[in-house]
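Every heavy atom of this structure was used, including side-chain atoms; hydrogens, water molecules and symmetry mates were not.
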Amino acid sequence: MTIAERIAALPVAVNTAADFSGKLTQGTSSPVSAGKSSTETTKRSVLSSIYASDRADYTREDALKKQWRKMNTVNLIDILDGAADRSNRSLSIQDLEKRLQEGAVVPSVDDTDMQMLEFEFKGIGFDAGPAYADVGAEKVSRNIEYMASRYAAMESKIKETYSGALQKAELDKLEKIYKRAVTRAADKYAEIVGGILEKNGVSGEKEKLSQAFRKSVEDRAAQYREYLQANPEFTGAEGTRDAWLLKDDEYIAARLRAQSPAPQAGAAANDGYTRRDLEILGQYTSEITVMEAKANTYDMNEERMGLELAILAMKTDTIQKEGGISSGLQDTLEKTLDGFITSFMDRFDEQLSANRDDAMTAYDSRGNADLDKESVWNVYNKTMDEYKQSGDLMKALVKGAEYAKDRYSQKESEGSVLGIYRYMNGASYWNNFFKANTGSGYDKAVSTYSRHLTAFMDFKKRLENGEGMQMNLTGSANFHTADIGGEMISEKA
C-alpha cells in the first residue's frame, strides 16, 4: 500500500475546537520559568519558538527548546505504522536540561542539521514594499553577522565531528548552502538599493553592490574563523555541566556575535564599496523612499519642501565628511542627492497633475495647483548658501526657516495661494516652527525647530558612534516630551 493510500484510509478528523480569537505576535519568546514544569506549558513554549536571523540572541533556553523539538520530531512512516516514539513528549524542559547536563541523553544536535540551516538562511533578506524600502543599517549588519557566524560555527562543528571523505562531503554541502544564501541576500540588496539609485539618476551600481555585500560576508566569516581558532574555549561552557551546548552550532554562532571583536572596516575592492558603505547607503536609500512616501500633496507646501530638501542635503554633506565612508560612496551620494531633488519635485508635481485629472470640481482643480519649483529652489538655495558660509546645519536651518516662513506668510497675505490645499493644510508647520503650540500632553513644548534639532543630534550621535544611522528627514515623527523639564527625546535614540 502506498503512503497516499494509507493516509486516505485513516479516520476522518473532526474539528471540535472553538473559533480562534487570539492575536498572533512574532518576537522573542519568554525564558522558561524554573518554577513551572507543566508538560503543556513546555509544549506551548517549544512550539511557539521561532529562531531566525532577526532574533536579538540565541540563548541556552532557546537551545533547550530546539533540543526538545528535535527529540520529538517523528517520521510520517512511523506514525502510519504506529511505531512513532512519543515517550519524550512528557519530558519537561527542566528534566531535559538535567539529563543533558548529566550525560543521560545524547544531544540530538550532535549531528549537523543542514536542512534546518538552509531553512534558516532562507529567512535572510531585505524588503521593498510598494511605498518604501527597508534596507536599514541594522538589517544590513544583522544579516551579514548572522550568515558569517553561522557559517563559521557550522564549519568548525563539521571539522570537529567528522573526518575523511565524510567531512569533505559535509563541508561541500555547507559551502553550497552558504554561497546560495549569501548570493541571494547580496542580489536582493543590490536589486533594492540599486533600483532606488537608478530611479534617481544613478545607474550601473547593482553589480558593485552585490560584489561588495558578498565580500563583506566572506571577510566577516574569515574573522570569525580566526577568532574560533585563537579562542577555542571562549564560550565559558567548556568543562562545565553545560558542555552539551557546544554541540549546538547555532549557540556557538550567537556567542561569536556577542563576544568576538567588532568587524574590521576593510578597504573597498577596486572601485567598489566597503561594509560601512553598504550600511550607510542602505539606510540612505531607505530614508529617501520614506521621505517621498510621506510627502503629502495636501500639506507639503513649496517652502516646507525647499527647507526639508536642504536638510537632506546638509545631512548628506555631514555623512560625506564624517561618516567614515569611501570616496566612491561620497560620489554616489552626491549624484543620488542631485537626482533625488529633481525627481522628487517632478514626481510630486505628477501627483498633483493626477489629482487634477481626477478632480470633480474647479475647487479641487485649484486645490491641486502646479508645484511652483522656483519657490522650492529659492528656499533651498537660501538655506544652502547659509550652510556654505557658516558650516553649521542648525544655524542654516534657522536662517532658511526664517526666509521660508516669511515667503509663506507673504503668499498668504497676497492671496496668491488661496484655495491651494497644501497651503490651507500646511499652516501648522510654520505657525509652530519656532514656538510650540499651547497644547498639552504630546503637543507640549514641541516646536518644529525642536523636532529638527533633536533629530539632528540623534543623527550626529549615531553617525559618530558608527551605529545604525537614522536620517529623521522630516523631523516630524518618533518624538515625545520628557516628563521632567520638557526635554525632547527621540524614540530612535
Side-chain angles (χ1 to χ4, degrees), residues 51-60 62-63 66 109 112-114 116-125 137-162 167-168 170-186 189 210-238 242-243 245-269 273-279 282 466-468:
Y51 44 94
S53 64
D54 58 352
R55 292 193 56 160
D57 196 7
Y58 178 86
T59 65
R60 183 161 61 79
D62 295 320
K66 179 179 180 179
V109 293
T112 57
D113 191 341
M114 293 296 186
M116 181 55 69
L117 179 66
E118 185 167 22
F119 172 78
E120 289 164 346
F121 272 169
K122 286 181 179 178
I124 299 291
E138 288 94 343
K139 180 166 284 190
V140 172
S141 178
R142 183 170 65 242
N143 287 352
I144 289 174
E145 290 294 310
Y146 186 83
M147 286 188 288
S149 61
R150 287 301 304 273
Y151 172 74
M154 181 62 87
E155 181 190 56
S156 177
K157 178 178 179 177
I158 290 172
K159 290 180 178 179
E160 292 174 359
T161 306
Y162 305 107
Q167 181 187 95
K168 183 180 184 307
E170 291 294 303
L171 288 174
D172 288 344
K173 288 181 191 175
L174 172 63
E175 196 68 21
K176 290 178 181 178
I177 292 171
Y178 167 69
K179 285 187 175 180
R180 278 199 299 266
V182 174
T183 298
R184 184 169 55 245
Y189 174 91
S210 181
Q211 289 179 0
F213 191 96
R214 290 196 296 270
K215 184 177 184 300
S216 295
V217 181
E218 291 164 2
D219 287 350
R220 188 56 170 150
Q223 292 170 12
Y224 277 136
R225 185 185 292 115
E226 291 174 4
Y227 184 84
L228 276 171
Q229 292 173 350
N231 303 274
E233 298 184 354
F234 79 101
T235 69
E238 293 81 4
D242 288 332
L245 286 166
L246 303 178
K247 304 289 186 180
D248 189 339
D249 63 282
E250 192 168 3
Y251 181 80
I252 298 299
R255 302 287 74 72
L256 276 174
R257 295 193 297 272
Q259 297 184 39
S260 69
Q264 299 170 14
Y273 297 107
T274 67
R275 170 173 169 171
R276 175 66 172 165
D277 289 346
L278 297 178
E279 293 172 352
E467 299 175 8

> Mind checking whether Y178 and Y151 have parallel, tilted or perpendicular rings, split at 30° and 60°?
Replying inline: parallel
>> Could you report the tightest heavy-atom contact between A221 and A152, atom names first, then the distance?
In response: O-CB, 4.2 Å
>> Using a strict threshold of under 4.0 Å (side-chain N to carboxylate O), is an ion pair present between E160 and K157?
In response: no
>> Does any part of the side chain of E170, heavy atoms only, come nearer than 4.5 Å to the side chain of M114, both counted from C-beta?
In response: yes
> Ignoring hydrogens and geometry, is there a side-chain-to-backbone donor-acceptor pair from E238 to G236 under 3.5 Å?
Replying inline: yes
> When rounded to the nearest 0.5 angstrom, what is the spacing between CD1 in I158 and CG in L174?
Replying inline: 4.5 Å
>> Just so I know, are the side chains of L245 and T235 near enough to count as touching, which here means a heavy-atom distance under 4.5 Å?
In response: no
> How long is the span from the CG atom in D113 to the CE atom in M154, to the nearest 0.5 Å?
Replying inline: 7.0 Å
> Under a 4.0 Å N-O cut-off, is there an ion pair linking D219 with R275?
Replying inline: no
> Taking atom types as modelled, is there a side-chain donor on Y58 or D248 under 3.5 Å from an acceptor on the other?
Replying inline: yes
>> Would L278 and S216 count as a side-chain contact (heavy atoms from CB on, under 4.5 Å) here? Give the steps.
In response: CA-CA 9 Å; L278 297 178; S216 295; 3.6 Å; yes
>> If I take atom CD from residue E218 and atom CZ from residue F213, how far apart are they, to the nearest 0.5 angstrom?
In response: 11.0 Å
>> Salt bridge or not between K176 and D172? Use side-chain N to carboxylate O under 4.0 Å.
In response: no
> When rounded to the nearest 0.5 angstrom, what distance separates NZ in K247 from CD1 in I252?
Replying inline: 10.5 Å
> Side chains of Y146 and R142: is there a donor and an acceptor less than 3.5 Å apart?
Replying inline: no
> Should K122 and R184 count as side-chain neighbours, where that means a heavy-atom distance under 4.5 Å?
Replying inline: yes
> For the residue pair A186 and S210, what are the closest heavy atoms and their distance?
Replying inline: CB-O, 3.6 Å
> Mind checking what makes salt bridge (Lys or Arg N to Asp or Glu O under 4.0 Å) contact with R180, not counting sequence neighbours?
Replying inline: E118
> Have Q211 and R214 got a donor and an acceptor in their side chains that come within less than 3.5 Å?
Replying inline: no
> Considering residues at least two apart in sequence or located in another chain, which fulfil the salt bridge (Lys or Arg N to Asp or Glu O under 4.0 Å) criterion with K179?
Replying inline: E175
>> Could you go through L256 and F234, starting from their C-alpha distance and side-chain angles, then the distance that decides it, and tell me whether this counts as side-chain contact (heavy atoms from CB on, under 4.5 Å)?
In response: CA-CA 9 Å; L256 276 174; F234 79 101; 3.8 Å; yes
> Roughly how far, to the nearest 0.5 Å, is OH of Y224 from CZ of R150?
Replying inline: 12.5 Å
> Can you name the closest pair of heavy atoms from G125 and N143 and give their distance?
Replying inline: O-ND2, 2.9 Å
>> Measuring from atom OH of Y251 to atom CG of D242, what distance do you get when rounded to the nearest 0.5 angstrom?
In response: 7.0 Å
> Is there a side-chain contact between E250 and E120, using heavy atoms and a 4.5 Å cut-off?
Replying inline: yes
